[in-house]
Structures are given as C-alpha cells and as structure tokens.
Number of protein chains: 2
Amino acid sequence: MYYIGIDLGGTNIAAGLVTEDGVITKKVSTPTLLERGPEPIIKDMGNLCLRLIQEAGVALSDVRSVGIGVPGLANNDTGDVIFCTNLKWHNVPLGKLMRQIIDKPIHMENDATVAGFAEYAAGVCKGARNSLFLTLGTGVGGGIVIDGKIYSGTHHAGSELGHMIVEMNGRLCTCGGRGCWERYASATALIADGAEAMKGHPESDVYKAAGGDADKVTAKIVIDAAKAGDPVGRQVFERYVEALAIGIIGLINLFDPEVIALGGGVSAAGEFLRAPVEKYVREHRYCGDVEQPKILLSSMGNDAGIIGAAMMGRG
Amino acid sequence: MYYIGIDLGGTNIAAGLVTEDGVITKKVSTPTLLERGPEPIIKDMGNLCLRLIQEAGVALSDVRSVGIGVPGLANNDTGDVIFCTNLKWHNVPLGKLMRQIIDKPIHMENDATVAGFAEYAAGVCKGARNSLFLTLGTGVGGGIVIDGKIYSGTHHAGSELGHMIVEMNGRLCTCGGRGCWERYASATALIADGAEAMKGHPESDVYKAAGGDADKVTAKIVIDAAKAGDPVGRQVFERYVEALAIGIIGLINLFDPEVIALGGGVSAAGEFLRAPVEKYVREHRYCGDVEQPKILLSSMGNDAGIIGAAMMGRG
C-alpha cells in the first residue's frame, strides 16, 4: 500500500508516493502560481496526484490516502484550510475539492507539523512516544507528536511553538504580539541581529561578507563568522543559541519529550548549533532528576513535508 | 465501584472515597508530620485508606484503586516518587509500599496535575477533549489533559507550566532558572510586587492594610486594594493580569485547548481576575480565526486533589 504526500509551498507543489516505511519512491512537482487563488491550485494538486500514480506505474487502488502539508492552519476533521497567510487562502474546502479529482481520504495539517511527524515516522524521532520538531527558518515552526500522534490542538491552531512568548513586551512579532520566540530564535532574527551588530565594525567577518550591506547578511554569513571566531559573529550566534535554548527549556518543562529535533535553515549549522544548545539546556533546565530529552538535528531535509503528509494516512 | 483519592500535603494527608462520577462520599485525614521521612508517612497513608473504607462502611472489594496526588514528581508507570522538594523525598517506591498495606492498583501524579484532571472529570473542564489547569499559588502549578487523559510527559517531568520561560534572563526562580512564568504570575509574585510598589506610598491601601510591613502584604490585600481603585493596588494587579495573560497566550499557541481553568489562591479574586485576563488574551492572541479557548474559574476547590487522584483509576 502507498500513501501520497503533498508539500504545498508558495513556489512549488511537490507530491511524492511514499511506502508504509516512509520512503519516497517517486516524486513530481508543479509550480504553485499562487496568485491564481485556491481552486485552480487545488485542481493542479489533484491532477499531480493522478500523474504521480501513472508515472510510478501503480494502480489507484494501491494508494490509501493523500496527505497535505499546508503553509498555515488546516482542520483535518472538516477538511478545510482555515487560513494560509502567504497563499491568501481563507476557509477553503481543500478536502472536498481534492476528492472531486482523487477520491481518497484527504488528510491535512500545518507544514511544520507534518515535517515533525515525518521525523517521528521515519527520522530522528522514530520510536519516541513524545517528540517536538522545530523549523528554524523565516519563523520558528513546530510539530508536536504525543503518544505517536500529531497534536495540533482542539481547533488545529496549536503547535505554534514560535509563538510561545519568551519576552514579555519584547520584540514586535508578525502575529501582532510581542516577544514571541521566533523573534529571537528564527533565521530572520539571526540575520537581523547580525546586521545590527556589524554596524560600526567594518573589520568584522559579517560586515566584510555582506559588503557592509544589512540586506546582504544571511544566516550562513553569521554562522560562518562565528565558526571562524569573529567577535561580532560569535556574539550574535551565542545570543541566538541562548534564545533558542531558553525556549527549548520552557518546552521541556511543558512537554518533557523524548526527543527535540532541530530542522530548518539554521539547523544546517549542524553540531556547531546543536552541541551548545544541548549544553545550555543541560546546565539551565529545571528538573535534573530525570533524563534530559535528546536534542538532535533533523534528518529528513526537504522531503520531510511529503513524507510526513503521506504518513498521516497510515493511521 | 469506588475510587480512593489521596491528597498528600506538607501538613495533612487527606483521603476521600469517590464515586464513578467524581463525588466524595467520605473524607478522612491525618497529619503528615513530614520530618518522619517517607516510610511511616506511607504507612499512615495506607492505614488511612483502610480506615476510610471501614468508616464509609464499604467492602475492600468495592474499591477499584487508589490515586495519590504528590507535591512533586512521580512516575505513574513504575510507582516511584521521583522527588518532592518540600517532603525531601527522593526516589521513594510509593506504589510498592502502599500495596503492602492496601493491595490495589496505585496511581500517582503531581498534585496540580491531578487537580487539573479533577476539573476534567467533574469540574469546569468536563467534556473538553483538551484542557489546561493553573494553580496560582506559591508557584504556578499546571495540569494538562489531552484527549481526555493526563499528560505529564515522557518522564512525568512535564506539565510544569509555571516553568515556561516568559522573560529571558528575567527574575531568578526557585528552580535555578531565570524568567519562569511563576516569578510573575504566582501569588508569591503578586505579593512581592505589592510590597515593592507600596514603598514610599503610605497613602496607599496596600501600605495601610499591611501596616507598612512588607512581610504582611498578602494577595488578598493587593486584590482588595485594586478592587477599591487604589492606584498602587491597581498598578500591581494590572501588571499581574498582563503577566498571567501573556503566559496563557503562549500556552494557547502551543496547546490550543478548549478550556483553561484558573485555580489556586489568586483565583479567589474571581471575575475581577478572570474577565481582564480573558479580555487581554482576546486582544493579543495570535490566531483570531479560530475560537478562543474558554478561560474559566476552577470549580473544585480544595477537594480537587482527592477527586482528581481518585479519578486516575477510572481509566
């Protein structure tokens, strides 16, 4: 039996045929062209599934279900997308429209949530009853797995780990709130802090690599500078590690998971990020009497969205 | 069938015989005398159960199980108390020692966790699939119910809602960390902030009621002053409401529960607390597109510990 997983992004729609064990056997994609609005996009998603099945040479009856990771909130019970900010979707009957093209059970969840589920189904969280997944990218996305199942809350609006508040009346967030964790622990925050810190430091690696242009600072520039021992880079990165670790400590005190997986752009820093975060957490967490959750780098990369979405159908 | 619930406190041990519906039919208690150490205390707990059954006139076979709410962490799977700070217990085989006196299944969880479960079983969280419970007392304790079951994490060290970090490098916490929520949202914080704010304000209600003595400030004094429109009381209480609401917003973004129940000493302020917290949350939360969780005052009072502990056996 196979499961189709769809990763609905702002630029591309990727669909993959996934085995029971979470392995992609075939992958196809098509541009999203998001300005078209939901209906033609969903039509393309349905047709992409049919094309996938055909190109993979399997029968429609060999596919149990279709899972979709959406860049926003979706109600898996009703089959409706609640909203996707980037796509400008609002109350879209995704499940119903999909089933008009491919008549299979349609599952849907937030994209970070399904990526977290992929780590549980086939990645570094495999075998863990309770795990958390973080995407350190434009924001901080999160996936929660409790007792082997996706947890996204009563109205599928939970699991927004990046919007845990870590600084009362702190930095203004895109959500309208203040002090959300993602304002300190996302790639966006690392970049903004790097751009700010390089000011007046033309000798710094960050300044040189960005040509002194705040708009040219990237997470990689800051991380590479920190790795090379550049004082500006190090200071910014150490502060970033601290902010990331402080949020993780809060999450451990709430969820006490077996594993916390770090994914998304900043996690490309690898051990240079993971090791100091783990150390900070060990030295500052509340409950030293019980085992510390493992803090691991995510292993699924870009395929996590497809695999996690597909695995929702495994039940 | 009946269930015994035990509320193990630093001063008293209370045990109650509880019906399937979460109603206490008989209650007995005995002093803890905590300096004795675990073994004689546990012996008293077991004998208290036997006395309860006898005085209630029921047969031992009418009792399905014994549940215990402990002021610390306990591993319900192994039957061991991990630690209780106040009692100075550390790795105590509570389940095994209890069964030597009363041979029934023994359940155990943190006291705030069982109080939260009581609200789910028979209080204001009844019927809610996912709910959170807060005790606003010396610290901020928490109970998490997910899918109708207690959630306390992999090592029973989760659900420590008071140790979510809401201020990076903020106030020093008793846990050794900094910026934990309970340093801003507990009765202790309300009292400390009241004592601080009344300095140099002998005209304030807070100062007058406490006779200018910082050690005589209570949560009730601050709340009453705020209710009466006293500027010092109002300022402190408004800051308290904000800190409480900010933590709740973070929890909503993580858990998206149906109900959040406010319990513990400060919740005695009633609507005067609940209404502004609800208002702040409504105005500042992230996801306005979905229903806001209900924020309610807990209804179980002092019996919550007994009832919640007992109801763990209902399965």
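Residue numbers begin at 1 in each chain, while the letters A, B, ... track the order of the sequences. On a predicted model such as this, the values are computed, not experimentally measured, just so you know.
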Self-check item: Residues forming a side-chain contact (heavy atoms from CB on, under 4.5 Å) with Ala195(B), sequence neighbours excluded
Solution: Ala214(B), Val217(B)
Self-check item: salt bridge (charged side-chain N to carboxylate O under 4.0 Å, His left out) contacts touching residues 133-145 of chain B (sequence neighbours left out)
Solution: none
Practice problem: Look up atom CG in Leu254(A) and atom CG in Leu161(B), then write down how far apart they are to the nearest 0.5 Å. | Solution: 6.0 Å
Quiz item: What option among Gly158(B), Gly250(B), Pro257(B) has the most heavy-atom pairs under 4.5 Å with chain A?
Solution: Gly158(B)
Exercise. Examine whether an atom of Ile252(B) lies under 4.5 Å from a heavy atom of chain A, and if so say whether it belongs to the side chain, the backbone or both; otherwise answer neither.
Key: backbone
Would you enumerate the inter-chain donor-acceptor pairs between chain A and chain B whose distance is below 3.5 Å?
unit_1: His90(A); atom_1: NE2; unit_2: Asp289(B); atom_2: OD2; d: 2.6
unit_1: Asn130(A); atom_1: ND2; unit_2: Thr154(B); atom_2: OG1; d: 3.0
unit_1: Tyr151(A); atom_1: OH; unit_2: Phe255(B); atom_2: O; d: 2.8
unit_1: Thr154(A); atom_1: N; unit_2: Asp256(B); atom_2: O; d: 2.8
unit_1: Thr154(A); atom_1: N; unit_2: Asp256(B); atom_2: OD2; d: 3.2
unit_1: Thr154(A); atom_1: OG1; unit_2: Asn130(B); atom_2: ND2; d: 3.0
unit_1: Thr154(A); atom_1: OG1; unit_2: Asp256(B); atom_2: O; d: 2.9
unit_1: Thr154(A); atom_1: OG1; unit_2: Glu258(B); atom_2: N; d: 3.4
unit_1: His155(A); atom_1: N; unit_2: Asp256(B); atom_2: OD2; d: 2.5
unit_1: His155(A); atom_1: ND1; unit_2: Asp256(B); atom_2: OD1; d: 2.7
unit_1: His156(A); atom_1: N; unit_2: Asp256(B); atom_2: OD2; d: 3.1
unit_1: Ala157(A); atom_1: N; unit_2: Asp256(B); atom_2: OD2; d: 3.0
unit_1: Ser159(A); atom_1: N; unit_2: Asn253(B); atom_2: O; d: 3.2
unit_1: Ser159(A); atom_1: N; unit_2: Leu254(B); atom_2: O; d: 2.8
unit_1: Glu160(A); atom_1: N; unit_2: Asn253(B); atom_2: O; d: 2.8
unit_1: His163(A); atom_1: O; unit_2: Asn253(B); atom_2: ND2; d: 2.8
unit_1: Val166(A); atom_1: O; unit_2: Glu167(B); atom_2: N; d: 3.3
unit_1: Val166(A); atom_1: O; unit_2: Met168(B); atom_2: N; d: 3.1
unit_1: Glu167(A); atom_1: N; unit_2: Val166(B); atom_2: O; d: 3.4
unit_1: Glu167(A); atom_1: OE1; unit_2: Met168(B); atom_2: N; d: 3.0
unit_1: Met168(A); atom_1: N; unit_2: Val166(B); atom_2: O; d: 3.1
unit_1: Met168(A); atom_1: N; unit_2: Glu167(B); atom_2: OE1; d: 3.0
unit_1: Asn253(A); atom_1: O; unit_2: Ser159(B); atom_2: N; d: 3.2
unit_1: Asn253(A); atom_1: O; unit_2: Glu160(B); atom_2: N; d: 2.8
unit_1: Asn253(A); atom_1: ND2; unit_2: His163(B); atom_2: O; d: 2.9
unit_1: Leu254(A); atom_1: O; unit_2: Ser159(B); atom_2: N; d: 2.8
unit_1: Phe255(A); atom_1: O; unit_2: Tyr151(B); atom_2: OH; d: 2.8
unit_1: Asp256(A); atom_1: O; unit_2: Thr154(B); atom_2: N; d: 2.8
unit_1: Asp256(A); atom_1: O; unit_2: Thr154(B); atom_2: OG1; d: 2.9
unit_1: Asp256(A); atom_1: OD1; unit_2: His155(B); atom_2: ND1; d: 2.7
unit_1: Asp256(A); atom_1: OD2; unit_2: Thr154(B); atom_2: N; d: 3.2
unit_1: Asp256(A); atom_1: OD2; unit_2: His155(B); atom_2: N; d: 2.5
unit_1: Asp256(A); atom_1: OD2; unit_2: His156(B); atom_2: N; d: 3.1
unit_1: Asp256(A); atom_1: OD2; unit_2: Ala157(B); atom_2: N; d: 2.9
unit_1: Glu258(A); atom_1: N; unit_2: Thr154(B); atom_2: OG1; d: 3.4
unit_1: Asp289(A); atom_1: OD2; unit_2: His90(B); atom_2: NE2; d: 2.6

Quiz item: To the nearest 0.5 Å, what is the distance between CE (Met164(B)) and CD1 (Ile249(A))?
Solution: 14.0 Å
Practice problem: Below 4.5 Å from any heavy atom of chain A, which atoms of Phe255(B) appear? Answer side chain, backbone, both or neither. | Solution: both
Self-check item: Ala243(A), part contacting chain B, at a heavy-atom distance under 4.5 Å
Solution: both
Self-check item: When Ile146(A), Ile246(A), Val166(A), Ile144(A) are compared by non-hydrogen pairs under 4.5 Å with chain B, the top option
Solution: Val166(A)
Self-check item: Under 4.5 Å from any heavy atom of chain B - which part of Val290(A)
Solution: side chain
Quiz item: Tell me the ring pair (Phe, Tyr, Trp, His ring centres under 6.0 Å) pairs involving residues 128-150 of chain B, sequence neighbours left out?
Solution: none
Quiz prompt | Greatest number of heavy atom pairs closer than 4.5 Å to chain B - which of Cys175(A), Gly162(A), Ala157(A) | solution = Ala157(A)
